[in-house]
Amino acid sequence: MTTESTANLFLRPAVDSEFWAVARLFAALHQFNAELDPRFRLAEGWEPLLHDHFTRTHLAPGALWLLAWSADEPVGLLLMEAHSDSPLFAERRWAELVALYVAPAHRGTTLGWRLVEAGKVWAATHGFDRLQLYVTASNERAKQFYARCGLVATQEIWCADVLPVPGTIPPHDPSRSTAGHAAHPTELGHHHLAMELSDCSDEELDNA
Ligand SMILES: CC(C)(COP(=O)(O)OP(=O)(O)OC[C@H]1O[C@@H](n2cnc3c(N)ncnc32)[C@H](O)[C@@H]1OP(=O)(O)O)[C@@H](O)C(=O)NCCC(=O)NCCS
């Protein structure tokens with residue numbers, strides 16, 4: 001591992017015209033995750049949804065869509081988002097590392113570390129005292145990498161498969177707005193990209 005190997009890489013926030021690069025690396029990340037567990041595969045039609053999310057948030061102060069470039073080749077992606085959890089909790093704001101991907105040819109260099117460091121700097125300069133992320137339990141390489149970046153595990157997600165009663169359709173998440181009403185702020189939480197969208201503004205959350 002040498003610093004020269006990343007010296008010619010440039011890290012910069014993605015601009016409008018670079019959505020193709022974001023989408024390419026986002027697809028590769030989720031292909032990687034789906035190989036660890038098929039339940040993590042992206043849905044049909046994910047790309048316009050991601051495009052919409054990118055268009056709405058890439059210039060927002062609460063998000064960082066950072067790309068690493070080797071000449072004109074995108075080789076790394078970091079997505080950070082400000083997270084507001086339910087006002088039920090005293091500690092409800094943190095900087096969430098939503099996505100991290102380094103192209104295979106650039107692994108084992110310091111690029112991944114540089115991206116995480118950029119995420120930490122973004123978090124600190126935006127007033128957060130914590131960076132947080134989800135990682136697949138079987139992703140040993142990523143877990144070793146995060147540990148080396150100074151992160152520690154604080155929670156685990158446990159799952160059990162159940163057999164659904166035939167013919168039943170799961171009800172909607174109650175935090176979704178219904179009949180024209182925005183979700184109540186106490187019902188919000190979890191990972192932004194994984195969350196169904198609601199009409200709640202940050203002001204509503206702050207005043208809840
Ligand atoms: C996670 C990722 C960003 C880390 O970047 P990286 O350049 O691979 O990280 P490094 O090579 O610096 O460090 C990886 C660590 O895992 C070890 N490692 C290397 N290959 C490994 C393998 N096949 N299996 C397990 N560990 C491995 C390395 O030795 C190193 O450990 P060390 O610090 O004790 O020496 C990158 O691997 C990646 O993009 N992976 C695919 C997407 C992904 O998993 N993203 C994170 C989702 S939460």
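Just follow the structure's listing: the first ligand is 1, and inside any ligand the first atom is 1. Side chains are part of it too, since the values below use all heavy atoms of this structure and drop only hydrogens, waters and symmetry mates.
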Participant: Where's the contact between Y101 and ligand 1, heavy-atom distance under 4.0 Å: side chain, backbone, both or neither?
Facilitator: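 Under 4.0 Å from ligand 1, Y101 contributes backbone and side-chain atoms.
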Participant: What part of Y146 sits under 4.0 Å from ligand 1 if we count only heavy atoms: the side chain, the backbone, both or neither?
Facilitator: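 Side chain only; the backbone of Y146 stays clear of ligand 1.
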Participant: With rounding to the nearest 0.5 Å, note down the distance linking CZ in F54 to CZ in F19.
Facilitator: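 The distance works out to 7.0 Å.
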Participant: If the condition is salt bridge (Lys or Arg N to Asp or Glu O under 4.0 Å), which residues does R12 pass it with, not counting sequence neighbours?
Facilitator: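 Only E18 meet the salt bridge (Lys or Arg N to Asp or Glu O under 4.0 Å) criterion with R12.
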Participant: Return a yes/no value for E140: is any of its N or O atoms, backbone included, closer than 3.5 angstrom to an N or O of ligand 1?
Facilitator: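 No; every N/O pair is 3.5 Å or more apart.
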Participant: Touching ligand 1 at all, Y134? Heavy atoms, strictly under 4.0 Å?
Facilitator: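 The answer is yes: ligand 1 sits under 4.0 Å from a heavy atom of Y134.
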Participant: Pick out which of V98, V15, V22, L78 makes a side-chain contact (heavy atoms from CB on, under 4.5 Å) with W65.
Facilitator: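 When V98, V15, V22, L78 are each tested with W65, the side-chain contact (heavy atoms from CB on, under 4.5 Å) holds only for V22.
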Participant: Between R141 and ligand 1, which residue portion shows a heavy-atom distance shorter than 4.0 Å: side chain, backbone, both, or neither?
Facilitator: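 Near ligand 1, R141 shows its backbone as well as its side chain.
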Participant: If you measure every N or O of V135 against every N or O of ligand 1, does any of those distances drop under 3.5 Å?
Facilitator: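 N/O-N/O distance below 3.5 Å does not exist for this pair.
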Participant: Which atom names give the shortest non-hydrogen contact between L25 and G76, and what distance separates them?
Facilitator: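 In this case the closest contact between L25 and G76 is CD1-O, 3.4 Å.
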Participant: Does the residue L29 have a heavy-atom contact with ligand 1, meaning some pair of atoms that are separated by less than 4.0 Å?
Facilitator: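 Checking ligand 1 against L29, which is what was asked, there is a heavy-atom contact under 4.0 Å.
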Participant: For a 4.5 angstrom cut-off between non-hydrogen side-chain atoms, does L79 reach L64?
Facilitator: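 The answer is no; the side chains never approach within 4.5 Å.
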Participant: For Q31, check side chain to side chain contact (heavy atoms under 4.5 Å, CB included) against everything at least two apart and list the hits.
Facilitator: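 Only E35 meet the side chain to side chain contact (heavy atoms under 4.5 Å, CB included) criterion with Q31.
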Participant: Answer side chain, backbone, both or neither: which part of L111 comes under 4.0 Å from ligand 1, heavy atoms only.
Facilitator: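 L111 to ligand 1: no contact under 4.0 Å from either part.
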